[in-house]
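Have a look at the structure below, then the notes.
Throughout, residue positions are numbered sequentially from 1 according to the sequence presented.
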Amino acid sequence: MTMADFQFLRIVLCQTSHPGNIGATARAMKNMGLKHLTLVNPLDFPSDHANARASGADDILQQASIVSSLQEAIQDCKLVFGTSARHRNLPQALVTPREMAERCHAFTSQAQQVALVFGHERNGLSNEELAFCHIHVNIPCNPDFSSLNLAAAVQVLCYECFLAFQTNREKPQQYIHYDDLADSASLEGFYEHLAQTLTEIEFLEPAFPKRIMPKLRRLFGRTQLEVTELNILRGILSAINRKFKG
């Protein structure tokens with residue numbers, strides 16, 4: 001296993017409050033061969049606490065990207081996993097860490113960017129943040145004490161990826177081609193266009209957009225839209241816009 005195996009896989013931490021957790025995450029990543037870390041609005045970073053907890057994984061901290069939004073962190077990704085300790089009332093696709101790792105390998109083996117997204121230490125990812133993720137992953141735990149430390153959760157998912165990549169490294173690839181899939185930024189542009197158009201034709205109530213749009217996001221998210229398919233949908237929306245404006 002080499003670091004090159006994980007060049008298309010990134011760990012994204014959202015609004016991490018304690019720098020020690022960032023350092024411990026870097027250590028967990030380096031243990032398993034990952035090196036790309038993205039931080040969304042960290043409360044305290046860079047930090048000596050992070051360096052101390054990294055225990056030799058300082059290079060990952062030094063190379064970490066710092067961005068202001070989750071959308072920016074995942075804009076070029078073709079597959080985004082959002083982690084959640086809770087089973088929420090969001091019928092998004094939910095997989096185990098092992099299933100997640102297999103899908104990660106399928107995408108990254110074809111040089112497609114994948115992100116594993118983790119939320120705030122206390123509350124995890126918000127529903128709004130989870131909406132930007134294509135698939136949710138839940139780590140099975142003791143139901144009476146299911147809240148994992150942030151770095152521990154990162155360690156579990158990184159280990160599963162390490163195992164899947166090592167196991168599948170010599171297998172012939174029989175996956176579909178993922179290079180034509182729309183990235184996260186393109187999908188977000190489509191969702192904005194869709195919401196605008198549905199409001200324009202009075203299908204979507206401006207005061208209550210969250211009643212419909214999350215369901216539509218999940219609908220299209222399950223299909224893993226290709227770029228050409230997304231262009232067709234955007235073209236349909238543009239035709240509707242012209243009709244109503246004409």
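Between A151 and A28, the shortest heavy-atom contact is O-CB, 4.1 Å. The two residues H120 and S17 make their nearest non-hydrogen contact at NE2-CB, 3.7 Å. Here the closest heavy-atom approach between residue L219 and residue T223 is recorded as O-CG2, 3.6 Å. For S55 against R27, the heavy-atom pair with the smallest separation is OG-NH1, 3.4 Å. Annotation for F81 and C104: closest pair CE1-SG, 3.7 Å, computed over non-hydrogen atoms. L204 and A195 get closest at one heavy-atom pair: CD2-O, 3.7 Å.
Between S84 and L125 there is no side-chain heavy-atom pair separated by less than 4.5 Å. The side-chain heavy atoms of L13 and P42, taken from C-beta on, include no pair separated by under 4.5 Å. In this structure, S47 and I22 have side chains that are not in contact, with every pair of non-hydrogen atoms separated by 4.5 Å or more. Counting heavy atoms from C-beta outward, L194 and M213 have side chains that approach closer than 4.5 Å. At a threshold of 4.5 Å between non-hydrogen side-chain atoms, the residues R10 and S65 do not count as touching.
Looking at D59 and K35, no side-chain N of the basic residue comes within less than 4.0 Å of a carboxylate O on the acidic one, giving no salt bridge. One finds a salt bridge joining R217 and E188 here, because a Lys/Arg side-chain nitrogen approaches an Asp/Glu carboxylate oxygen to under 4.0 Å.
Under 3.5 Å, the side chains of D183 and S186 contain a donor-acceptor pair of N or O atoms.
Here E160 contributes atom CD and T96 contributes atom OG1; the two are 7.5 Å apart, rounded to the nearest 0.5 Å. Once rounded to the nearest 0.5 Å, the distance linking CD1 of I240 with CD of Q196 reads 11.5 Å. The distance from the CZ atom of R234 to the OG1 atom of T197 is 8.5 Å, given to the nearest 0.5 Å. Rounding to the nearest 0.5 angstrom, the gap separating the OG1 atom in T25 from the CD1 atom in I11 is 8.0 Å. Within the model, atoms CD1 of I135 and CG of L130 stand 13.0 Å from one another, a figure rounded to the nearest 0.5 Å. With rounding to the nearest 0.5 angstrom, the OG1 atom of T167 is 7.5 Å from the CD atom of E102.
Crowding of Y159 atom OH: a count of heavy atoms from other residues, nucleotides or ligands under 6.0 Å not exceeding 12. No more than 12 heavy atoms of other residues, nucleotides or ligands shown are found within 6.0 angstrom of CG on D48. At most 12 non-hydrogen atoms from other residues, nucleotides or ligands lie less than 6.0 angstrom from NE2 of H49.
A chain of hydrophobic side-chain contacts below 4.5 Å, direct or via other Ile, Leu, Val, Met, Phe, Trp or Tyr residues, connects V154 to I66. By the criterion of side-chain heavy atoms lying less than 4.5 angstrom apart, applied directly or through intervening Ile, Leu, Val, Met, Phe, Trp or Tyr residues, L216 is grouped together with L225 in one hydrophobic cluster. In this structure, L43 is not a member of the same hydrophobic cluster as F118, with clusters built from ILVMFWY side-chain heavy atoms closer than 4.5 Å. When hydrophobic clusters are built by joining Ile, Leu, Val, Met, Phe, Trp and Tyr residues whose side-chain heavy atoms come closer than 4.5 Å, directly or via intermediates, F190 is grouped together with I201.
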May I have the step-by-step check of side chain to side chain contact (heavy atoms under 4.5 Å, CB included) for T38 and E72, ending in yes or no? CA-CA 10 Å; T38 299; E72 183 180 356; over 6 Å; no
Derivation of the side chain to side chain contact (heavy atoms under 4.5 Å, CB included) call for V80 and F132: CA-CA 8 Å; V80 181; F132 290 113; over 6 Å; no
Is there a side chain to side chain contact (heavy atoms under 4.5 Å, CB included) between F45 and L61? Walk through the geometry before answering. CA-CA 9 Å; F45 187 83; L61 296 180; 4.0 Å; yes
Checking V40 against E129 for the side chain to side chain contact (heavy atoms under 4.5 Å, CB included) test, could you report, in this order, the C-alpha distance in whole Å, the side-chain angles of both residues, the deciding distance, and whether it holds? CA-CA 11 Å; V40 180; E129 289 169 331; over 6 Å; no
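Checked by atom type and distance alone, the side chain of S109 pairs as donor or acceptor with a backbone atom of A106 at under 3.5 Å. Although no hydrogens or angles enter the test, the distance criterion places a donor-acceptor pair under 3.5 Å between the side chain of Q112 and the main chain of Q110. Between the side chain of E200 and the backbone N or O of F244 there is no donor-acceptor pair closer than 3.5 Å.
In this pair, F165 and F6 present their aromatic rings parallel. The plane angle is below 30°, not in the 30 to 60° band.
Checking T83, V114, L79, V95 one by one against M100, the side-chain contact (heavy atoms from CB on, under 4.5 Å) holds for a single residue, V95.
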